S.K.: 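Got a structure for you, questions after.
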Amino acid sequence: MGDFLKDLNAEQKKAAQHFDGPCMVIAGPGSGKTRVLTYRIAYLISKGISPFNILALTFTNKAAKEMRKRIENLSGENNSYNLWMGTFHSVFARILRIESEKLNYPSDFTIYDTEDSKNLIKNIVKEKGLDKDIYKTSVLKNRISSLKNNFITPDDYLNHIELIEADNIAKRNEFSNVYTTYAQRCKQSSAMDFDDLLLNTYKLLNEHPESLHKYQNKFTYILIDEYQDTNHIQYLIIKKLAALNENICVVGDDAQSIYSFRGANIQNILDFKTDYPDYVEYKLEQNYRSSGNIVDAANSLIKNNKKQFDKTVWTRNNKGNLIVVCKAQSDNHESRLIANTVLSILKSKKSNYKDFAILYRTNAQSRSIEDAFRRTGIPYKIYGGLSFYQRREVKDVLSYFRLSINQSDEEALRRVINYPARGIGSTTLQKISIQAVKKEVSMWEIISNIENEELNIHSRTRNKLKEFKQMIDYFTNQSNIKSAYNLAEEIVKNSGIYHQLKQDKTPEGVNRFENIQELINGIKYFCENNTEEKKLKDFMHEIALMTDQDNEKDIDYNKVTLMTIHASKGLEFPYVFVIGMEENLFPSMMSIESSSDLEEERRLFYVAITRAENRLFLSYAVNRFRWGQYIQCEPSRFLAELDKNCLEKQEPIDMHKKQPYNSVYRYIKKSHSNQNPSTHSTKPNNNQTKKLESYNSGSKVQHSHFGKGFIIRVEGSGSSKKAIVQFEKVGQKHLLLKFCNLKIIDN
DNA sequence: ACCTCAAACATTTTT
DNA sequence: TGTTTGAGGT
């Protein structure tokens, strides 16, 4: 017991063995921060602390999942399941579902995503007859979000003169009205947006002492990863929860704070020191991840920031290769160079696609890389952008699910009431909406009582509304009886979506149809992989806060990773390319006026650099295609800030020099879009089918949940291929190979 | 109520 | 450039 700590260095060990009382771990990039957190939890468990009493808040659900697995291995016990571990949002959503009635919500409240919130704001602005150019949806959304993250409710807003003045100057005199209405409408829809999950948790702890005591006594040990990226409301929640035992451990790095636009506040680190004056501080400064040149370059960059804590990151690793800075003629040229570099490294060194990451400032930059990779046959996966659950057709189906579970969900209602078209148009919807506002009830209530409403709606339309209500009511009834899979299938068929999509033979339509099938298969997998029967609401709870990163598929294992720098936080790769190193792009145009914004961009670049283990490539283009035309670009100021001794300037070798690259690009792009109009990383490809072929009956396999077993037989083909597996501990299971993490141990 | 086409708009980062 | 929105026709 406890000797697993031998894997740690002296500093790490000290931090991991911290037992009681508050502590702060300041940890540079690659210093084994997550490792310390993991070992500390395992250590606590080994000292007899029950996993039930440990709360660990991580930045992504994926990080939580991996940590849980490692803790299980370390402590050798199978009780890590009882740890409360996940993102702030997912952990608090779980608490809120348990305590929902205290806050007057049903436990099956909907979680509105950004799109839902924006649609709601758009509707409110329209209803109130406000100028949509002044009351811009995205601006309002951000403003409301930042208010909530600072625990300023619509009522509190009226007490902040400076806020009101700021809105008056921006000619948004009605902002308070919009904010109030937004909050009311969310409540009326039994919905919480992302920020409400935090806000309402704080309200719960603040206004309900019995709940506060319950969770204070439950979570006797609290650990928080990436503390530098917590915001004010998260700080308030943590402070409340930790007040009784003060066994709070935060881990972070001020130099990697990159989420201030989301309300993250370095002040939280400073406040920690005053809130818990007897805290113990640990510093992890040795970098185990990156080569010497990379560490040196990162240090030389971050030196340019005025505001930062005293810390020296160093490494014993070899100097390694110099960092390559590469100039390209255009964004497409840049992408081709990167594709060629990836291929040449693969040829000369022992490496895999998964060892490469392409990092960029904005999501839009992925497109030209994608084109170059598709052309050269480099397999890749994209994180961020539109997640699977946000794709239009998927969200349409999910909206039926949502409405069936929570009939008040107005955004879901608006989405599906006339999809597929059933003769309930915008005029009717408008009338219902106005009536709902007038009577201060939900739109669903108006529809439920449509025959008694004095509305100028044609009787034929009234009947359509009645039919629609009957259908949803039926689904709602079934949702308590049927399993998630059975009901999901029934909803897709009965609602007419199945029929509608099947008729569409265009490539896009076929793709949409496949996505719905993938969704249904996912639900099936969800049902089959749980011991107790799962209802549709369980599935919806599970996916509400999931990102693409959280349910990475086995198929995507060996691919080059494309992601924004923000999304790359906490990850590492042997080969890293940071692209678009240009003024106005990185640093972003929006940030160059304010020094604090600029410092955040610099920290962002610091994060990007320190993702690299062996080699780092930085590139910029002289011309970039933006807003429909080529724009001349200057190299980023950050390049000049890097220590020259770490850099190697490389003149580009263009493999297509003899051809004008524009025309080559256009030609390729056209021919490609004809063949393959829309590729999503989850779409099956040859690579995957090959992989699925390798599952045979008799193979010994390992599953992440069920442990070891062997394949009894294999059924189906292509992407619906499944294996019937006899597991040692949990018996027989039917697993869809496309989805499950089934590793072959022995063939 | 629904479909079609042209004008307008867009690019910061995310749970 | 690609997507979304709204006006106008059916």
Side-chain angles (χ1 to χ4, degrees), chain A residues 57-63 86-93 111-115 117 122 126 132-133 136-138 141-142 145 148-149 192-198 226 229-231 233-234 257-264 331-332 359-368 371 383-387 389-390 392 418-430 457-458 460-461 464 544-550 563-569 580 584-592 597 600-601 603-605 607-608 624-631 665-666 669-670 673 677-678:
Chain A
L57 297 166
T58 57
F59 200 71
T60 62
N61 287 312
K62 190 186 171 198
T87 60
F88 277 85
H89 289 88
S90 63
V91 166
F92 295 150
I111 296 173
Y112 274 177
D113 66 16
T114 309
E115 191 190 5
S117 300
K122 217 183 277 175
K126 214 186 227 168
K132 68 173 165 46
D133 293 326
K136 284 199 170 176
T137 319
S138 53
K141 171 82 189 62
N142 286 336
S145 174
K148 286 187 181 178
N149 281 318
M192 297 194 196
D193 66 14
F194 290 140
D195 307 312
D196 285 332
L197 295 174
L198 305 176
E226 309 283 8
D229 283 323
T230 53
N231 61 32
I233 190 96
Q234 291 170 330
S257 164
I258 54 174
Y259 278 94
S260 73
F261 70 91
R262 204 167 86 185
D331 45 353
N332 300 318
L359 307 181
Y360 35 80
R361 178 69 243 266
T362 65
N363 280 307
Q365 288 169 261
S366 72
R367 175 168 272 136
S368 80
D371 277 327
Y383 289 123
L386 209 55
S387 103
Y389 298 115
Q390 286 171 329
R392 205 183 67 192
N418 202 30
Y419 176 80
R422 48 173 71 87
I424 307 172
S426 54
T427 326
T428 308
L429 211 55
Q430 189 83 9
I457 292 176
H458 200 277
R460 242 176 59 191
T461 315
K464 307 256 185 204
L545 295 164
M546 254 199 196
T547 61
D548 272 1
Q549 234 181 108
D550 297 328
M563 54 169 56
T564 63
I565 303 167
H566 282 91
S568 76
K569 188 160 97 145
N584 292 327
L585 182 58
F586 195 18
S588 141
M589 197 154 51
M590 328 288 278
S591 70
I592 41 186
D597 285 353
E600 174 144 324
E601 294 281 305
R603 291 194 295 270
L604 190 57
F605 187 34
V607 168
R624 182 168 294 275
F625 203 68
R626 276 176 110 184
W627 297 292
Q629 54 181 319
Y630 277 100
I631 304 227
Y665 172 65
R666 294 247 160 74
K669 201 163 180 200
K670 267 224 175 87
S673 67
S678 53

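Any value given below was found using the heavy atoms of this structure, including those in side chains, with hydrogens, waters and symmetry copies removed. Keep in mind that this is a model prediction, so the values were computed, not measured. Chain letters run A, B, ... following the sequence lines, proteins first and then strands; every chain starts at 1.
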S.K.: Could you state the atom-to-atom distance from OH of A/Tyr259 to C1' of B/dT15 in whole Å?
M.R.: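 These atoms are roughly 9 Å apart.
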S.K.: So, using side chain to side chain donor-acceptor pair (under 3.5 Å) as the criterion, who are the partners of A/Gln234 when residues are at least two apart?
M.R.: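 Per chain and number, A/Gln234 pairs via side chain to side chain donor-acceptor pair (under 3.5 Å) with no residue.
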S.K.: Toward the 5' end of DNA chain B, which comes first, A/Arg262 or A/Thr427, by nearest nucleotide?
M.R.: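 Result: A/Thr427.
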S.K.: On a whole-Å scale, what distance lies between the C1' atoms belonging to C/dT5 and B/dT12?
M.R.: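 So the two C1' atoms sit 23 Å from each other.
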S.K.: Taking only residues two or more places apart in sequence, or in another chain, which ones meet A/Ser426 in a side-chain contact (heavy atoms from CB on, under 4.5 Å)?
M.R.: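 Counting only residues at least two positions away or on another chain, A/Ser426 forms no side-chain contact (heavy atoms from CB on, under 4.5 Å).
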S.K.: Going by atom types only, do A/Ser368 and A/Asp331 share a side-chain donor-acceptor pair under 3.5 Å?
M.R.: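 Result is no, nothing qualifies.
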S.K.: Distance alone, cut at 3.5 Å: any donor-acceptor contact between the side chains of A/Thr114 and A/Ser117?
M.R.: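 Note: A/Thr114 and A/Ser117 side chains miss the donor-acceptor criterion.
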S.K.: Between B/dT14, B/dT13, B/dT15, which nucleotide has the shortest distance from any of its atoms to the side chain of A/Thr114?
M.R.: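 So the side chain of A/Thr114 is nearest to B/dT15.
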S.K.: Starting at CZ of A/Phe194 and ending at C1' of B/dT13, how long is that distance when rounded to a whole Å?
M.R.: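 In whole Å, B/dT13 C1' lies 15 Å from A/Phe194 CZ.
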S.K.: Atom CG of A/Asn142 and atom P of B/dT14: how far apart are they, to the nearest Å?
M.R.: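 Nearest whole value for this atom pair: 13 Å.
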S.K.: Can you tell me how far C1' in B/dT11 sits from the matching atom in C/dG6, rounded to whole Å?
M.R.: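 After rounding to an integer number of Å, I get 23 Å for this pair.
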S.K.: Among residues at least two apart in sequence or on other chains, which ones pass side chain to side chain donor-acceptor pair (under 3.5 Å) with A/Ser260?
M.R.: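 Result, side chain to side chain donor-acceptor pair (under 3.5 Å) vs A/Ser260: A/Glu600.
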S.K.: Counting only side-chain nitrogens and oxygens, does A/Ser588 get under 4.0 Å of the OP1 or OP2 atom of B/dT13?
M.R.: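 For A/Ser588, the contact criterion (side-chain N or O under 4.0 Å from OP1 or OP2 of B/dT13) is not met.
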S.K.: Can you check the A/Lys569 NZ to B/dT15 P distance for me, whole Å?
M.R.: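 Atom NZ in A/Lys569 sits about 11 Å away from atom P in B/dT15.
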S.K.: Is the distance from OP1 or OP2 of B/dT14 to the nearest side-chain N or O of A/Asn363 less than 4.0 Å?
M.R.: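 Affirmative; the distance criterion is met.
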S.K.: Closer to the 5' end of DNA chain B via nearest nucleotide, is it A/Asp195 or A/Asn418?
M.R.: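 Its nearest nucleotide being more 5', the pick is A/Asn418.
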S.K.: Which atom pairs link the protein and nucleotides 4-10 of chain C when you take only N or O atoms and keep those under 3.5 Å?
M.R.:
unit_1	atom_1	unit_2	atom_2	d
C/dT5	OP1	A/Lys122	NZ	3.3

S.K.: Return the orientation label for the A/His566 and A/Tyr259 ring planes: parallel under 30°, perpendicular over 60°, tilted otherwise.
M.R.: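 The rings of A/His566 and A/Tyr259 stand perpendicular, inter-plane angle above 60°.
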S.K.: Return the value, rounded to whole Å, for the distance between atom CD1 of A/Ile565 and atom C1' of B/dT14.
M.R.: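 Value for this atom pair: 14 Å.
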S.K.: Compare the aromatic ring of A/Phe261 with the six-membered base ring of B/dT13 and state whether they stack according to the 5.5 Å and 30° rule.
M.R.: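 Check passed, A/Phe261 stacks on base of B/dT13.
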S.K.: Between atom OH in A/Tyr419 and atom P in B/dA1, what is the gap in whole Å?
M.R.: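 Rounding to the nearest Å, OH of A/Tyr419 and P of B/dA1 are 19 Å apart.
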S.K.: Look at the side chain of A/Ala421 and decide which nucleotide, out of B/dT13, B/dA10, B/dC2, has an atom nearest to it.
M.R.: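 In terms of side-chain proximity for A/Ala421, the closest of B/dT13, B/dA10, B/dC2 is B/dC2.
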S.K.: Atom CG of A/Asp371 to atom C1' of C/dT1: distance rounded to whole Å?
M.R.: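 Those two atoms, CG and C1', are 12 Å apart.
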S.K.: When all nucleic acid strands are considered with a 4.0 Å heavy-atom cut-off, which category describes A/Phe88: base, sugar-phosphate, or nothing?
M.R.: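 No contact.
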S.K.: With sequence neighbours excluded, what pairs up with A/Arg624 under the salt bridge (charged side-chain N to carboxylate O under 4.0 Å, His left out) test?
M.R.: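 Here the qualifying residues are A/Glu334, A/Glu582.
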S.K.: Starting from P on C/dT1, measure out to CZ on A/Phe625 and report it in whole angstrom.
M.R.: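 One finds 5 Å between P of C/dT1 and CZ of A/Phe625, rounded.
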S.K.: Could you please name the option among B/dA1, B/dT12, C/dT1 that lies closest to any side-chain atom of A/Thr428?
M.R.: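 Shortest atom-to-atom distance from the side chain points to B/dA1.
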S.K.: According to side chain to side chain donor-acceptor pair (under 3.5 Å), who are the partners of A/Gln430, at least two apart in sequence or on a separate chain?
M.R.: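 None.
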